[in-house]
Number of protein chains: 2
Amino acid sequence: MAVSKKRKTLKVQEAGARLRAAGLRPTRQRVALAQLLGAGHRHVSAESLHQEALKAGMPVALATVYNTLNQFTEAGLLREVVVGSGRSYFDTNTDAHQHFYCEDDGSLVDIPGKTIEVAGVPVPPRGMTIERVEVVVRLKRA
Amino acid sequence: MAVSKKRKTLKVQEAGARLRAAGLRPTRQRVALAQLLGAGHRHVSAESLHQEALKAGMPVALATVYNTLNQFTEAGLLREVVVGSGRSYFDTNTDAHQHFYCEDDGSLVDIPGKTIEVAGVPVPPRGMTIERVEVVVRLKRA
DNA sequence: ATTTCAATTTGGAATAGTTCTAAACTGTGT
DNA sequence: ACACAGTTTAGAACTATTCCAAATTGAAAT
Ligand SMILES: [Mn+2]
Ligand SMILES: [Mn+2]
Ligand SMILES: [Zn+2]
Ligand SMILES: [Zn+2]
């Protein structure tokens, strides 16, 4: 029998609370997406999250998924990871950590926060501040 | 008076030689682009290089610029730097070095090769090899 | 020099990811 | 219940890039 994996989701109540805490109105759609994103560390694309919501019986427009992911990112609930032209992921883990990225299959794998050490980052040009030091370890099939 | 900056270009002869050395047929278009790219370290987008070629009186189709940049990259003459969804630059400096990237204006600035030190890169997942460790220092206007 | 043909170029169509628009809807305060 | 700013939505629009099939061309062979 084809056992369909069921991902653990947050309770509506908790998702709503997180949204309010971030200053976002807990609409039906935002709560649904927050529920899907809320449990565990995940890397999603707008398209993949959209599919997931539909399958979970929570219909949401793709435009809303984009809006929501951007709002969550601005609110600090998500982090955006850019790996290739046109391929950008949203990461539910907002702590400092890095990624393996495999160009062949587009997969993104976490490297725990304390693993990689970056030293010697120079002072930024006048009038600029460092927002983040991003390390992506690009992989190829051996 | 508006002094139009004239960028130094390679001689046709030398551009041709580089192409042959890389196993690429020195067509008129490829020679023209190689001339523009050949002198000094540069960061170009397909669109910016296309404009530059037109202004220099070397008409080339945009599709050809894309083809050529990709071929040059495969041949090891260029390196591709991905900074944001849809924004990818080609770098004439293929040596190991890193970049400052300013999201506000899309500018890319070199960080010399030996400046940043990355330690603790973990062993890649089974069946994969590390192709490159990419460090991008993301900046915001202060 | 002429011939030949695979490699290359080209303009336009096609694609993919994302944002925009303006009308419909809904959460929240009164 | 009412009002309205905030939100959602379908579809159009946009941007960067690749694909296509026809025309051109570099270089090798005669
Ligand atoms: Mn964004
Ligand atoms: Mn490419
Ligand atoms: Zn991650
Ligand atoms: Zn560079």
Side-chain angles (χ1 to χ4, degrees), chain A residues 12-13 15-34 36 43-54 58-75 77-78 80-90 103 105-106 108, chain B residues 12-13 15-34 36 43-54 58-75 77-78 80-90 103 105-106 108:
Chain A
V12 174
Q13 180 118 354
R18 288 198 195 181
L19 291 174
R20 277 194 197 85
L24 294 167
R25 238 214 273 194
T27 64
R28 177 163 40 77
Q29 294 85 338
R30 295 214 272 232
V31 171
L33 296 180
L36 294 175
H43 298 139
V44 303
S45 65
E47 193 57 57
S48 74
L49 184 60
H50 183 228
Q51 288 307 316
E52 200 178 321
L54 296 189
M58 302 159 157
V60 185
L62 180 56
T64 302
V65 176
Y66 275 105
N67 288 342
T68 304
L69 286 173
N70 285 327
Q71 290 154 356
F72 283 14
T73 302
E74 269 162 45
L77 265 33
L78 293 177
E80 197 171 356
V81 183
V82 172
V83 280
S85 27
R87 266 200 235 247
S88 111
Y89 288 100
F90 292 87
E103 319 212 327
D105 61 1
L108 198 65
Chain B
V12 174
Q13 180 121 355
R18 287 200 195 179
L19 291 174
R20 267 185 261 277
L24 296 167
R25 251 219 275 196
T27 64
R28 177 163 38 76
Q29 294 84 341
R30 296 213 271 232
V31 170
L33 297 179
L36 293 173
H43 298 139
V44 303
S45 65
E47 192 58 55
S48 74
L49 183 60
H50 183 227
Q51 288 307 317
E52 200 178 321
L54 296 188
M58 303 160 157
V60 185
L62 180 56
T64 301
V65 176
Y66 275 105
N67 287 342
T68 303
L69 286 174
N70 285 326
Q71 290 153 357
F72 283 14
T73 301
E74 270 162 43
L77 266 33
L78 294 177
E80 197 170 358
V81 183
V82 172
V83 281
S85 29
R87 265 202 238 244
S88 109
Y89 288 99
F90 292 87
E103 320 215 323
D105 60 2
L108 197 65

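By convention in this document, chain letters (A, B, ...) are assigned in the order of the sequence lines, proteins followed by strands, and residues within each chain are numbered from 1.
Rounded to an integer number of Å, the gap from CD of B/Glu47 to C1' of D/dT15 is 10 Å. Regarding A/Arg20, its CZ atom lies at a distance of 17 Å from the P atom of D/dG6, rounded to whole Å. Distance NE2 (B/His50) to P (C/dT10): 8 Å, rounded to an integer number of Å. One can place CG of B/Leu33 at 14 Å from P of C/dT8, the figure rounded to the nearest angstrom. One interatomic measurement links the two molecules: OH of A/Tyr89 to P of C/dT18, which rounds to 10 Å at whole-angstrom precision. Distance CG (A/Leu19) to P (D/dG6): 17 Å, rounded to an integer number of Å. One can place CG of B/Leu49 at 15 Å from C1' of D/dT17, the figure rounded to the nearest angstrom. Atom CG of B/Leu24 and atom C1' of C/dA6 are 15 Å apart (whole Å).
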Item to check | Intermediate values then yes/no, side chain to side chain contact (heavy atoms under 4.5 Å, CB included), A/Glu47 and A/Leu62 | outcome: CA-CA 7 Å; A/Glu47 193 57 57; A/Leu62 180 56; 3.8 Å; yes
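One finds a side-chain N or O of B/Gln29 lying less than 4.0 angstrom from the OP1 or OP2 phosphate oxygen of C/dT10. OP1 and OP2 of C/dG17 both lie 4.0 Å or more from every side-chain N or O belonging to A/Ser88. One finds no side-chain N or O of A/Tyr66 lying less than 4.0 angstrom from the OP1 or OP2 phosphate oxygen of C/dT19. Using a 4.0 Å cut-off, no side-chain N or O of A/Gln71 falls inside it from OP1 or OP2 of D/dT7.
Using a 4.0 Å heavy-atom cutoff across all strands shown, A/Thr64 reaches at least one base atom of the nucleic acid. Counting any heavy atom pair closer than 4.0 Å across all strands shown, A/Ser45 reaches no nucleic acid atom.
Projected onto DNA chain D by closest heavy-atom contact, A/Asn67 and B/Arg28 fall at different nucleotides, the more 5' of which corresponds to A/Asn67. Nearest-nucleotide assignment on DNA chain D puts the 5′-proximal partner with B/Leu62, out of B/Arg25 and B/Leu62. Taking the nucleotide of DNA chain C with the nearest heavy atom to each of A/Ala63 and A/Pro26, the more 5' of the two is matched to A/Ala63.
Out of C/dT8, D/dA10, D/dT8, the shortest distance to the side chain of A/Ala61 is found at D/dA10.
Counting only heavy atoms from C-beta outward, the side chains of B/Tyr66 and B/His50 never approach each other to under 4.5 Å. By the 4.5 Å heavy-atom criterion applied to side chains, A/Val82 and B/Val82 are counted as neighbours.
Of the possible polar contacts, none joining the A/Ser48 side chain to the A/Val44 backbone as a donor-acceptor pair under 3.5 Å is found. B/Arg30 places no side-chain N or O within donor-acceptor distance of the main-chain N or O of B/Thr68, the cut-off being under 3.5 Å.
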